[in-house]
Amino acid sequence: MTQPSIALTVSGRNRPAREQRDDPELTAQEARAAGGEAAGVPTIIRRRLAPFDAHRDPWSWVATGLVVAIAAVLRLVGLSHPEGKIFDEVYYARDAWGLLERGVEWNHGKNEPAFVVHPPLGKWLIAVGEWAFGYQDTEHGIRAAGHLVTLAPEIGWRISAALFGSLSVLILVRVARRLFGSTVLGCAAGLLMALDGFHLVLSRSALLDIFLLFFVLAAFGALVMDRDVRRRRWLRMVEAGHGRSDGLALSLRDAVPWWRLLAGVLLGCAVAVKWSGLAFVPVFVLLMYWWEANARRSAGARRPWLHALRDEIGWILAFCLLVVVTYLVTWSGWFLTDDGYFRHRLADQGQPEPPVLGALLNLISYHQEALGFHTRLNSEHTYQSWPWQWLLLGRPVAFYWSSDGPCGSANCASEVLLLGTPLLWWSFLPALAAAAWLGVARRDWRAGTVLLMAGAALLPWFWFALDGRTMFFFYAAPALPFLILAVVYVLGAIGSPAGSPAQATDRRKVGAVVLGTYVLIVAICFAYFYPIFVGKVIPYEDWSARMWLGRLWI
């Protein structure tokens with residue numbers, strides 16, 4: 001598949017577009033016959049199989065660290081504001097405390113197991129912060145000191161989200177750098193996510209969606225690493241003269257796709273945060289097969305699609321099995337205690353309950369009950385929205401509102417509004433369209449991959465919308481990294497070298513100016529809306545001026 005170089009890079013890997021254009025029908029043997037060999041391997045084949053990390057740049061980690069530091073400061077400073085539980089923190093912070101106390105979610109008001117409709121992993125992660133820094137629930141008279149240090153109680157239930165939000169910026173920088181072969185583009189992607197209000201608000205609130213975003217992105221990063229490792233393996237085969245072999249005896253180190261298996265674990269964690277992570281499983285399976293078959297094709301293997309299916313089916317099944325096993329492991333608190341909702345449903349109904357099978361059957365009944373809740377969820381809500389509104393910012397969600405001052409004015413406003421940085425989000429639809437066109441025109445696997453991942457995050461909700469299911473803007477969270485990758489991909493394509501060396505240099509300069517200007521404009525827009533991302537007290541007139549779409553944002 002074609003992978004044209006993107007010009008904005010500090011790695012020194014830019015090449016004229018003529019050298020980057022890969023004939024999709026060109027096998028290793030045909031390329032060798034056409035000339036251009038390097039160490040017995042055609043240059044064009046080496047470029048197609050050599051992963052980006054063959055050219056390590058230690059300075060890229062310095063740049064990455066600066067971007068992550070910006071993200072962390074924005075997410076950690078003032079994390080205890082607003083005070084108390086905001087929006088759905090009232091559910092998830094309490095559920096997390098129940099997990100700490102009893103191993104399962106607990107209804108403290110009724111002193112009974114709580115029926116919850118989301119898996120436990122995200123709440124376990126919130127619970128880690130509560131264990132470390134303390135917890136407080138004034139309604140039920142609960143106040144617990146932290147095991148590490150006691151801070152404002154809000155820190156306890158928000159710190160995990162802030163840390164995972166910052167780490168997701170780190171992963172995005174490295175994934176984008178690997179995809180596009182450019183430290184500049186990688187850092188641009190991370191900076192755009194660091195300066196996105198939607199990501200910032202989720203990173204400063206004890207909701208589940210930032211954890212879902214993190215695990216989906218981390219699983220994707222592991223899968224990209226698997227692609228590079230396997231292509232590097234095929235390059236070694238071609239160098240050894242085995243390019244047309246259907247398979248070779250490999251050492252354990254080479255035979256086991258460790259990164260792919262890690263992707264299975266991470267995607268299992270995503271599903272264990274919210275079931276919507278399941279939508280990515282078929283996309284990951286498709287990417288594994290697509291990437292492996294094309295690596296074999298580039299290496300000149302016979303019947304690459306057929307033999308890729310034959311050889312990879314076992315590892316694909318292992319990947320899927322790891323998703324299931326990881327998901328079940330996150331329910332350990334429910335399995336190992338007797339207090340969970342439906343934990344002994346069969347026994348309570350007077351039916352036999354075998355030790356292991358009975359627990360699994362009870363868990364299945366629990367899941368059927370939760371699925372019924374989701375399918376029947378159609379009650380109206382002030383901040384509900386439809387999927388076609390999300391990329392247009394048609395209905396953001398108010399997490400917190402107060403009119404208390406002081407603000408230097410007679411009327412004050414303090415709001416935490418789940419709103420994406422407008423100029424960034426309004427770039428997503430044009431970027432997706434441009435990425436689709438460039439992907440077809442250049443036969444570029446990167447564009448197709450980004451579009452598949454964004455589609456897996458967004459398209460299922462259009463189906464649920466047909467049933468009138470109540471849904472909210474924050475359901476779009478897993479799509480955010482891939483929407484940003486689409487924007488960065490298009491910006492990088494603007495600066496792709498083409499034509500003569502002089503023309504290539506001019507395009508790189510234009511691309512650098514366009515990229516820098518765009519990131520600067522997004523940063524200015526973010527700074528303007530920052531007060532309503534973090535609940536800063538401002539004059540009501542200033543708050544009203546930021547309601548660009550009027551009542552749609554109120």
Side-chain angles (χ1 to χ4, degrees), residues 78-164 201-211 272-274 330-345 348 366 369-370 373 377 379 381-383 397-402 404 414 416 418 472 474 535:
L79 187 59
S80 61
H81 179 78
E83 295 181 358
K85 298 181 177 73
I86 62 174
F87 198 59
D88 282 352
E89 286 185 342
V90 68
Y91 304 114
Y92 299 129
R94 288 176 180 174
D95 288 344
W97 183 250
L99 288 170
L100 275 181
E101 283 191 310
R102 296 176 175 267
V104 295
E105 296 91 341
W106 194 257
N107 187 329
H108 293 89
K110 298 181 178 180
N111 195 33
E112 65 182 16
F115 170 61
V116 296
V117 295
H118 292 302
L121 181 57
K123 287 160 283 185
W124 273 116
L125 295 174
I126 295 171
V128 172
E130 294 176 349
W131 174 88
F133 300 111
Y135 176 73
Q136 177 176 297
D137 188 338
T138 55
E139 181 178 343
H140 297 104
I142 300 172
R143 183 174 181 85
H147 285 73
L148 297 182
V149 62
T150 300
L151 300 173
E154 294 81 6
I155 299 292
W157 59 73
R158 292 175 187 162
I159 186 66
S160 293
L163 294 177
F164 273 75
V201 173
L202 289 180
S203 298
R204 293 171 59 91
S205 309
L207 272 67
L208 303 181
D209 301 87
I210 195 66
F211 304 114
V273 173
K274 276 192 170 183
T330 65
W331 284 85
S332 296
W334 187 89
F335 281 115
L336 298 176
T337 64
D338 296 318
D339 294 335
Y341 187 85
F342 271 20
R343 176 61 184 87
H344 291 293
R345 179 175 181 271
D348 293 341
Y366 189 165
E369 191 86 357
F373 172 87
L377 185 61
S379 57
H381 193 284
T382 303
Y383 295 109
V397 182
F399 279 18
Y400 169 82
W401 167 265
S402 173
D404 296 336
S414 174
V416 175
L418 183 67
F472 300 90
F474 48 81

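Here the structure is a predicted model, which means the values were calculated and not measured.
- Under the side chain to side chain contact (heavy atoms under 4.5 Å, CB included) criterion, Asp404 pairs with Ser402, sequence neighbours left out.
- In plain terms, the two heavy atoms of Gly333 and Thr337 that are nearest each other are O-OG1, 2.7 Å.
- Atom-to-atom distance recorded for Asp209:CG and Tyr92:OH is 7.0 Å, nearest 0.5 angstrom.
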Tell me which donor-acceptor pairs under 3.5 Å the side chains of residues 117-124 have, and how far apart each pair is, sequence neighbours excluded?
| unit_1 | atom_1 | unit_2 | atom_2 | d |
| --- | --- | --- | --- | --- |
| Lys123 | NZ | Glu105 | OE2 | 3.0 |
| Lys123 | NZ | His118 | O | 2.8 |
| Lys123 | NZ | Pro119 | O | 3.4 |

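- The main-chain N or O of Pro113 is never found under 3.5 Å from a side-chain atom of Arg102 such that the two would form a donor-acceptor pair.
- The salt bridge (charged side-chain N to carboxylate O under 4.0 Å, His left out) contacts involving residues 147-164 comprise Glu89-Arg158, where partners must be two or more places apart or lie in separate chains.
- How far CZ of Arg204 is from CD1 of Ile210: 12.5 Å, rounded to the nearest 0.5 Å.
- Other residues, nucleotides and ligands contribute over 12 non-hydrogen atoms within 6.0 Å of the CZ atom of Phe335.
- Ile142 meets the side chain to side chain contact (heavy atoms under 4.5 Å, CB included) test with Trp97, His108, Tyr135, Asp137, His140; sequence neighbours excluded.
- When the salt bridge (charged side-chain N to carboxylate O under 4.0 Å, His left out) test is applied to Asp88, no partner is found at least two apart in sequence or on another chain.
- Considering all non-hydrogen atoms of both residues, Ile86 and Phe399 come closest at CB-O, 3.5 Å.
- Residues Phe133 and Val149 have side chains in contact (heavy-atom distance under 4.5 Å, counting atoms from C-beta outward).
- The heavy-atom pair separating Leu207 from Ile126 by the smallest distance is O-CD1, 4.4 Å.
- For the ring-ring contact (aromatic ring centres under 6.0 Å, His included) test, residues two or more places apart in sequence or in another chain that qualify with Phe211 are Phe164.
- Listed here is the closest heavy atom pair of Ser80 and Ile155: N-CD1, 3.7 Å.
- Looking at every heavy atom in both residues, Trp157 comes nearest to Ala206 through O-CB, 3.0 Å.
- Remark: Glu139 CD to Arg94 CZ distance equals 4.0 Å, nearest 0.5 Å.
- No side-chain heavy atom of Ser414 sits under 4.5 Å from any side-chain heavy atom of Trp401.
- Heavy atoms from other residues, nucleotides or ligands lying under 6.0 Å from CD of Glu83 number 12 at most.
- Using a 4.5 Å heavy-atom cutoff, the side chains of Val416 and Phe87 are not in contact.
- Side-chain atoms of His81 come within 3.5 Å of backbone atoms of Gly535 as a donor-acceptor pair (strictly under, hydrogens ignored).
- Taking 4.5 Å as the limit, every side-chain heavy atom of Trp106 sits out of range of all side-chain heavy atoms of Glu101.
- The line from CD of Glu130 to CD1 of Ile159 is 12.0 Å long, rounded to the nearest 0.5 Å.
- Checked against Tyr341 for a ring-ring contact (aromatic ring centres under 6.0 Å, His included), the options Trp334, Tyr366, Trp331 give a single hit: Tyr366.
- Listed for the Ser160 side chain is a donor-acceptor partner under 3.5 Å among the backbone atoms of Leu125.
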